[in-house]
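Below, chain A is the first sequence line, B the second, and so on; all start at residue 1. Please read all numbers here as calculations on a predicted model, not as lab measurements.
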2 protein chains.
Amino acid sequence: MDDISPIRAKSGTNQEGTSAHNRRVMIEALRLNGALSRADLARATQLTKQAVSNIIEDLESDGLVVALDAVRKGRGQPSTPYRLVPEGAFAIGLQIDRYLTRAVAVDLVGSVLARAEANLPFDEPSRGVEVILGLIGGVRRELAGISSQSEERLVGLGVAMPGPFGLKNSDDKWMMPAWQKFPLLETLAAGTGLNVGLQNDAAACATAERIVGAAHGVDHAVCLYVGYGIGTGLILNGELYSGGHGNAGEIGMALLAPAGSGSTPLEHRASLASLYQHLDLNPADDDIYQQMNALVVAEDPKMMAWIDGAAHDLRWSVHLIETMFDPQTVILTSGAPETLARRLVEAMHPLLPSIADRPGRTLPRLQLGTTDPWSIALGAAAAPISRAFDPLFSAILKTRSRGA
Amino acid sequence: MDDISPIRAKSGTNQEGTSAHNRRVMIEALRLNGALSRADLARATQLTKQAVSNIIEDLESDGLVVALDAVRKGRGQPSTPYRLVPEGAFAIGLQIDRYLTRAVAVDLVGSVLARAEANLPFDEPSRGVEVILGLIGGVRRELAGISSQSEERLVGLGVAMPGPFGLKNSDDKWMMPAWQKFPLLETLAAGTGLNVGLQNDAAACATAERIVGAAHGVDHAVCLYVGYGIGTGLILNGELYSGGHGNAGEIGMALLAPAGSGSTPLEHRASLASLYQHLDLNPADDDIYQQMNALVVAEDPKMMAWIDGAAHDLRWSVHLIETMFDPQTVILTSGAPETLARRLVEAMHPLLPSIADRPGRTLPRLQLGTTDPWSIALGAAAAPISRAFDPLFSAILKTRSRGA
DNA sequence: CTAATTAAGTCAAGCGGATTGACTTAATGT
DNA sequence: ACATTAAGTCAATCCGCTTGACTTAATTAG
């Protein structure tokens with residue numbers, strides 16, 4: 001943000017930027033299409049066969065892609081498809097929530113190779129960070145047992161925790177104030193030696209949906225995450241959008257009505273926190289997941305009432321999201337059991353009319369995404385993978401040689 | 001959207017892409033910083049002095065930049081600053097509204113060189129397009145009188161009209177249904193021989209603020225436009241965001257409450273259309289602008305009541321915008337007289353609390369942008385300029401050679 | 001009044017990486 | 001058997017940024 005020089009300008013680029021971009025384009029193409037021959041890649045990327053050949057050769061020798069058996073399809077020489085090598089890169093993802101933390105190790109294609117979770121002392125980062133470093137260490141050792149090259153190929157550590165970040169009055173218990181003040185990224189970077197990045201939990205969910213879920217290959221998607229809090233992860237133009245200060249999509253803070261008086265934040269009505277309160281459940285219980293599931297299966301009246309109320313507000317949230325972002329699809333994800341999430345989605349129908357209500361849709365306006373409680377950690381891990389391998393505008397720019 | 005090939009991939013790039021990007025980076029740097037020497041540009045863009053020299057030389061011979069007098073500043077050889085040449089490029093902007101149409105010609109730096117307006121027969125595109133072509137022709141001739149090279153240097157025609165576009169049930173009078181169905185872009189392209197692009201009026205406003213207004217050099221800004229309808233133009237990551245189907249930011253369609261019953265679209269309460277209705281004014285009146293201004297100056301009670309009501313809803317809109325997009329600033333623009341817009345902004349304070357309410361802000365949360373009724377046409381004209389000269393990700397990509 | 005220093009900008013060779021066009025290889029169709 | 005079609009390689013070329021030495025022109029130190 002703050003430059004020494006007052007001159008505002010974007011970076012230029014050079015052949016290295018070109019090459020970096022083209023490599024990333026190849027990787028993305030293989031990720032989205034499974035396996036492609038060099039000729040396919042040349043056609044799809046507009047590059048010449050020769051350029052593609054050189055790049056693929058590089059990627060192969062870097063261990064990022066591998067040739068499959070040649071396939072005959074009609075006339076002409078058979079083509080040799082290439083696919084991504086999952087073991088070509090790894091990343092660690094970390095979810096920090098109010099009462100627990102989870103760490104996962106994923107590979108280049110987003111498969112989870114190791115996972116671990118632990119309870120976290122509430123809002124005590126200095127103790128919590130010890131737990132976290134232990135967890136990361138464990139996952140990392142497990143990963144080393146799977147691939148001998150795991151350490152060299154570890155591209156980073158992605159952290160996801162509830163936002164918003166950096167606000168004025170963050171001594172609201174809700175927002176884990178002690179964690180907000182704690183120098184988390186620095187501590188984790190020092191403790192692990194990895195590049196560390198941070199995003200909020202909803203953004204992590206969107207990243208997860210993008211790499212292995214319903215948003216795979218969709219350029220404009222919004223992921224509505226119903227967890228302890230509620231938020232949205234925004235995929236705009238094929239990239240995660242995080243706003244001017246990393247807090248874009250924090251819809252949980254949205255007031256439900258223009259009025260100053262009767263207006264509540266959405267989060268207080270349509271989050272799992274509100275469910276816990278409504279049903280008098282303890283979110284710190286180990287079997288909270290099972291408890292919720294049982295109540296849904298039993299069609300417990302209080303649960304059903306909560307679902308109806310939450311669906312009412314969420315329906316409107318989807319309407320707003322569609323109106324503001326014009327996405328191709330909205331994906332509801334949740335830390336709740338799938339039975340509950342599915343009920344919620346059902347209760348949200350029929351959806352409110354909006355600009356998304358257009359002829360010729362291919363994707364549903366609202367779909368249920370993953371409800372795996374591990375998906376936030378997975379999304380956190382996917383972020384460094386994406387930063388390292390996806391075609392991003394920023395990736396072509398020359399980087400300022402970082403002076404002390 | 002629909003490719004012949006089912007393979008999904010981004011385009012690659014090559015030296016031409018590199019060069020194109022670097023040229024655009026130079027132009028943007030000069031636009032944002034006024035005048036810079038080659039050495040300044042080299043530092044700002046991370047390129048070498050030599051690369052910058054070559055690019056500047058090219059730009060100079062293309063007539064896009066020009067050297068100023070050398071300036072001495074401390075030791076060393078004096079530097080020669082360069083600035084953009086306004087006459088380096090031109091574009092035409094067209095605003096189509098319900099009752100009138102405006103056309104402007106602008107230059108590379110966004111100065112308006114010619115303007116013309118005309119009444120438009122309501123929702124009769126086949127007759128309207130004749131008026132429009134006449135208007136464009138007039139502006140174009142006027143431009144030719146100013147610059148002999150205007151025709152060669154005309155980069156395109158930008159059109160702005162009220163959105164949203166392409167919806168299902170667009171026989172709502174409000175939405176100019178006949179225009180929605182009319183093959184406008186094709187007709188204008190054929191009639192003018194120019195590249196034609198379309199955006200909604202709020203997006204055009206944002207584009208105008210970006211090129212010459214409050215959003216100049218701001219990467220994340222939302223422009224809230226209060227016109228006959230109401231909408232937002234989104235500047236995200238320094239580029240206009242238009243969503244999956246070009247309708248992002250159509251906040252006028254947003255329902256004001258989660259409830260299905262008592263919920264009205266924002267547009268019906270906080271737009272000039274609602275003002276006209278409330279005060280029983282005729283928007284087709286030629287002196288409607290003066291009428292509104294007089295009512296504000298006289299502090300007409302009905303006008304004041306409308307302002308209070310609209311401010312109430314707009315305050316909440318700003319809250320929602322901040323919550324969803326996390327912009328650095330929100331800019332209120334309007335087709336209304338400045339007196340009215342200023343009153344509106346004042347009445348919106350104090351703003352609702354939101355994530356934008358953070359320490360260390362440099363830009364105001366809400367500021368008044370331009371209220372010049374010509375700014376939509378200006379923004380429309382700025383769009384082709386931006387497409388041709390701003391550093392965009394899409395500009396580095398190889399373009400698919402367009403087969404018939 | 002030099003001489004040293006600092007900075008802008010040029011020159012010419014170098015280099016990275018995509019392009020070009022001819023060529024090879026290997027399949028299918030007639 | 002031969003023409004056709006397509007995948008992929010080879011070697012030369014070309015484009016555009018980089019490198020490092022050099023020139024020019026100012027300020028500051030002695």
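- Contact between the side-chain N/O atoms of B/S37 and the OP1/OP2 oxygens of C/dG9 is found at a separation under 4.0 Å.
- Within the 4.0 angstrom heavy-atom criterion, base atoms lie near A/T48.
- A residue-by-residue look at A/R38 and A/Q15 shows that A/R38 has its nearest nucleotide of DNA chain D further toward the 5' end.
- The backbone N or O of B/P81 lies less than 3.5 Å from no partner atom in the side chain of B/S79, so there is not a single donor-acceptor pair.
- The CG-P distance, from B/N54 to C/dG9, rounds to 14 Å in whole Å.
- For the pair A/T80 and D/dG8, the criterion of a side-chain N or O lying under 4.0 Å from OP1 or OP2 is met.
- The distance from the CD1 atom of B/I55 to the CE atom of B/M26 is 4.0 Å, given to the nearest 0.5 Å.
- Summarising the geometry, the separation between NZ on A/K398 and P on C/dG16 is reported as 14 Å, rounded to the nearest angstrom.
- Counting only distance, with no hydrogens or angles, the side chain of A/T80 and the backbone of A/A67 share no donor-acceptor pair below 3.5 Å.
- At the heavy-atom level, A/A39 lies under 4.0 Å from the strands shown only through sugar-phosphate atoms.
- You'll find the side chain of B/E151 reaches within 4.5 Å of the side chain of B/R140, heavy atoms only.
- Atom P of nucleotide C/dA8 and atom OH of B/Y82 are separated by 14 Å, given to the nearest angstrom.
- Between A/D58 atom CG and C/dA18 atom C1' the separation is 13 Å, expressed in whole Å.
- Spacing between atom CG of B/L47 and atom P of D/dT19 amounts to 11 Å, rounded to whole angstrom units.
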**Request:** Decide yes or no on side chain to side chain contact (heavy atoms under 4.5 Å, CB included) for A/L392 and A/E239, but give the supporting numbers first.
**Result:** CA-CA 8 Å; A/L392 305 174; A/E239 296 183 20; 3.6 Å; yes

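- Between B/E16 atom CD and C/dA18 atom P there is a gap of 13 Å when expressed in whole angstrom units.
- Between A/V109 and A/P86, the closest heavy-atom pair is CG2-CB, 4.1 Å.
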Using the 3.5 Å cut-off, write out each protein N or O paired with an N or O of nucleotides 3-6 of chain C and the distance between them.
from  : atom 1 : to    : atom 2 : distance (Å)
C/dT5 : O3'    : B/R75 : NH1    : 3.3
C/dT6 : O2     : B/G76 : N      : 3.1

**Prompt:** After noting the C-alpha distance and the side-chain angles of B/F393 and A/H21, does the key distance pass the ring pair (Phe, Tyr, Trp, His ring centres under 6.0 Å) rule?
**Reply:** CA-CA 11 Å; B/F393 194 14; A/H21 173 73; 5.7 Å; yes

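- Put simply, B/R43 has no side-chain N or O that comes within less than 4.0 Å of OP1 or OP2 on C/dA7.
- Within the nucleic acid shown, B/N22 comes within 4.0 Å of sugar-phosphate atoms alone, with no base atom in reach, counting heavy atoms only.
- Toward the 5' end of DNA chain C, the nearer of the two residues A/R72 and B/S53, judged by each one's closest nucleotide, is B/S53.
- In terms of phosphate contacts, A/K49 brings no side-chain nitrogen or oxygen within less than 4.0 Å of OP1 or OP2 of C/dG21.
- Put simply, CG on A/D40 is 12 Å from C1' on D/dG8, counting in whole angstrom units.
- Here OH of A/Y241 is found 7.0 Å from CG of B/D326. Values are rounded to the nearest 0.5 Å.
- Note on A/S79: every side-chain N or O is 4.0 Å or more away from OP1 and OP2 of D/dA7.
- Between A/N14 and C/dG16, a side-chain N or O to OP1/OP2 separation shorter than 4.0 Å is absent.
- Across A/F90 and A/L113, no two heavy atoms sit closer than the pair CE2-CD1, 3.5 Å.
- The closest side-chain heavy-atom distance from A/I211 to A/R31 is below 4.5 Å.
- Per the geometry, CD1 belonging to A/I56 stands 12 Å off P belonging to C/dA18, to the nearest Å.
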Polar-atom pairs under 3.5 Å, protein N or O versus N or O of nucleotides 10-13 of chain D: list them with distances, or write none.
from   : atom 1 : to    : atom 2 : distance (Å)
D/dC10 : N4     : A/Q50 : NE2    : 2.3

